[in-house]
2 protein chains.
Amino acid sequence: MLDSTSQTLQSTNLMHNAAITRPPLAKAVRPVTIIAAPRLVSRFGGTIVLASETFQYTGSFKFRAAYNVASRVAQDLLITASSGNFGQALAYACMLLDKSCIVVMPTTSAQVKIDAVGQYGGTVELVDVRVKTREQRVRELAAEHPEAYVASAYDDPVVIEGNATLGEEICRIPFPLDYIVAPVGGGGLTSGIVSAVRRSGKPIRVIGAEPLLANDAARSLKAGRIIRNETESETIADGTRTLSIGQHNWEILKDGLAGIVEVREEDIVEAVRLLFGLANLKAEPTGALSLAALLASPELCRDHVVCCVISGGNVDPALYRNILAG
Amino acid sequence: MLDSTSQTLQSTNLMHNAAITRPPLAKAVRPVTIIAAPRLVSRFGGTIVLASETFQYTGSFKFRAAYNVASRVAQDLLITASSGNFGQALAYACMLLDKSCIVVMPTTSAQVKIDAVGQYGGTVELVDVRVKTREQRVRELAAEHPEAYVASAYDDPVVIEGNATLGEEICRIPFPLDYIVAPVGGGGLTSGIVSAVRRSGKPIRVIGAEPLLANDAARSLKAGRIIRNETESETIADGTRTLSIGQHNWEILKDGLAGIVEVREEDIVEAVRLLFGLANLKAEPTGALSLAALLASPELCRDHVVCCVISGGNVDPALYRNILAG
């Protein structure tokens with residue numbers, strides 16, 4: 001009844017992971033978890049598969065990029081700005097590689113994300129984004145530490161390549177996918193997925209899912225140039241509060257995305273609930289954006305096979321309880 | 001960075017799953033999801049890996065047994081008693097195999113489980129277990145439907161063999177496990193795992209995790225014979241409210257288990273929270289029993305490699321919210 005190769009794969013990975021207290025052994029990312037929940041499929045009508053990165057090391061896809069960056073730069077100190085998940089990922093990657101890092105985070109970041117950066121050995125620098133942008137604080141820190149490498153959470157070819165490994169895994173699914181839907185913040189994830197899909201030669205269209213409250217990417221796509229938000233959005237999808245898409249990401253996304261679905265906050269919340277109730281999956285709001293896009297645009301899954309990328313699962317228990325309460 | 005075999009495995013499985021609306025294609029169980037969350041490992045000190053069945057079809061390991069039973073008996077109508085997860089699993093297995101089933105459930109079952117049985121096409125028969133046992137109601141229904149097969153959720157060699165597939169998968173992890181810890185209700189899961197471990201020839205000890213409030217299995221092991229609870233327990237771990245271990249299970253467990261850890265309700269609740277917070281895993285209370293056993297007996301993971309079986313994830317949102325509220 002079972003394919004014996006699965007255990008080999010999972011366990012190869014497991015061996016790295018089990019070695020968490022012996023850092024240098026953790027050299028690979030965890031493969032994406034593919035879930036095709038029958039009741040979720042029934043709810044939407046089309047064929048939906050979930051590609052979940054909630055069990056990736058540090059709880060989100062960001063580890064793919066972070067590990068790629070930390071292992072490829074020569075510097076021993078890395079500085080980054082992050083709403084949380086890239087910070088955790090870079091902190092853990094640096095711990096595994098015997099490096100150190102400073103993570104600039106907005107004061108509004110989810111507390112679990114702030115705590116986690118610290119637990120993974122990173123130094124947290126909180127910034128009130130109403131007073132000073134994260135980028136400004138990063139520049140100050142870089143001036144204080146000229147020996148450090150400043151890592152972008154998205155606007156960097158090495159980040160995009162790290163994230164492309166997720167796209168490669170999804171493209172290897174031997175099932176004809178029509179769409180891959182993934183959240184858009186700085187554009188690091190979608191540009192990685194678009195790169196992988198292009199290399200695969202498969203006719204899969206990549207759709208971005210972005211909160212209406214932080215729709216700079218959707219507006220950029222319409223305008224044909226990068227449009228920046230004036231201030232950081234207060235969308236519940238905290239992973240998409242970046243001010244704009246990165247330049248490297250834009251070069252790939254401007255004609256690489258088949259579209260962006262702009263998602264209302266209530267659809268994000270409902271998507272988190274549906275993943276909980278019909279797929280047993282704990283997703284953070286940003287992670288649920290792709291399913292929320294199907295609530296906003298149900299025609300996407302009508303007669304189509306759609307892969308929704310659930311990008312991460314790190315969410316404060318208090319917020320999650322409120323979401324479940326409806 | 002990635003092992004390409006993983007996708008093959010997962011996708012083979014996916015193809016079955018994506019075919020949910022075309023029932024006969026779903027012929028295999030989903031492989032267990034192996035998760036080794038670094039922060040959870042740090043919290044306990046030993047090396048813990050999670051073997052999660054929360055993404056198994058119908059959300060728990062029970063589908064392994066249910067599909068094995070439904071596909072191997074000649075009858076087209078199956079009747080069973082279940083606190084919920086076996087009911088869902090049998091209903092879905094019967095749907096996939098164009099059979100029908102009646103599921104006798106206690107009125108105290110989690111509402112999500114009652115709903116799910118119906119959504120999977122099963123007929124639910126609620127029974128107030130203070131008035132009549134599930135077994136009595138099953139006997140009545142069997143008399144009404146002499147053409148039906150009465151399926152036990154645990155006390156049946158075909159059930160045990162179905163569950164043994166999970167043990168086989170865990171045994172194939174190429175990492176030396178000292179312990180496998182799994183919840184004990186009727187004993188179907190642990191007897192399946194013990195059978196698989198014995199066949200593997202590996203020196204892995206299997207430990208049962210049972211609520212102190214429903215400790216018939218622990219008392220049976222001490223007494224050397226099956227001890228029955230007088231009435232169904234009100235433990236939060238609703239999957240273990242069965243009155244006693246089954247006879248077939250007992251024959252395997254009486255000298256197959258290395259021990260049973262009796263778990264307090266507060267440790268079950270704390271384990272659900274830890275899985276949420278440190279592993280991004282949504283588990284039902286019964287599913288968290290194995291991790292709760294490590295809270296109760298921390299010496300189990302000291303200098304040992306322990307695989308905790310997370311048996312299922314089907315939990316009412318209201319209950320889950322209360323648990324997270326702590």
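All heavy atoms count here, side chains included; hydrogens, waters and symmetry mates do not. Residue numbers begin at 1 in each chain, while the letters A, B, ... track the order of the sequences.
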K.L.:
Considering only heavy atoms, which portion of A:Ala283 lies under 4.5 Å from any heavy atom of chain B: side chain, backbone, both, or neither?
P.N.:
neither
K.L.:
Do we see a donor-acceptor contact under 3.5 Å between the side chains of B:Asp115 and B:Gln119?
P.N.:
no
K.L.:
Looking at chain A, which one of B:Arg273, B:Lys282, B:Glu284 has the largest number of heavy-atom pairs inside 4.5 Å, strictly under?
P.N.:
B:Lys282
K.L.:
Is there a side-chain contact between B:Val29 and B:Phe61, using heavy atoms and a 4.5 Å cut-off?
P.N.:
no
K.L.:
Given a strict heavy-atom distance threshold of 4.5 Å, which part of B:Val315 is in contact with chain A: side chain, backbone, both, or neither?
P.N.:
both
K.L.:
Under the criterion ring pair (Phe, Tyr, Trp, His ring centres under 6.0 Å), I'd like the reasoning laid out for A:Phe55 against B:Phe55: C-alpha separation, chi angles, the key distance, then a yes or no.
P.N.:
CA-CA 13 Å; A:Phe55 306 116; B:Phe55 306 116; 5.6 Å; yes
K.L.:
Please test A:Arg72 against A:Glu161 for salt bridge (Lys or Arg N to Asp or Glu O under 4.0 Å), starting from the C-alpha separation and ending with a verdict.
P.N.:
CA-CA 12 Å; A:Arg72 288 179 60 172; A:Glu161 274 315 294; over 6 Å; no
K.L.:
Among the options B:Asn322, B:Thr58, B:Asn314, pick out the one with the most heavy-atom pairs lying under 4.5 Å from chain A.
P.N.:
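That would be B:Asn314.
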K.L.:
In terms of heavy-atom proximity below 4.5 Å to chain A, should B:Ala318 be classed as side chain, backbone, both, or neither?
P.N.:
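Looking at B:Ala318, nothing touches chain A.
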K.L.:
Are side-chain heavy atoms of B:Tyr320 and A:Tyr320 found at a separation under 4.5 Å?
P.N.:
yes
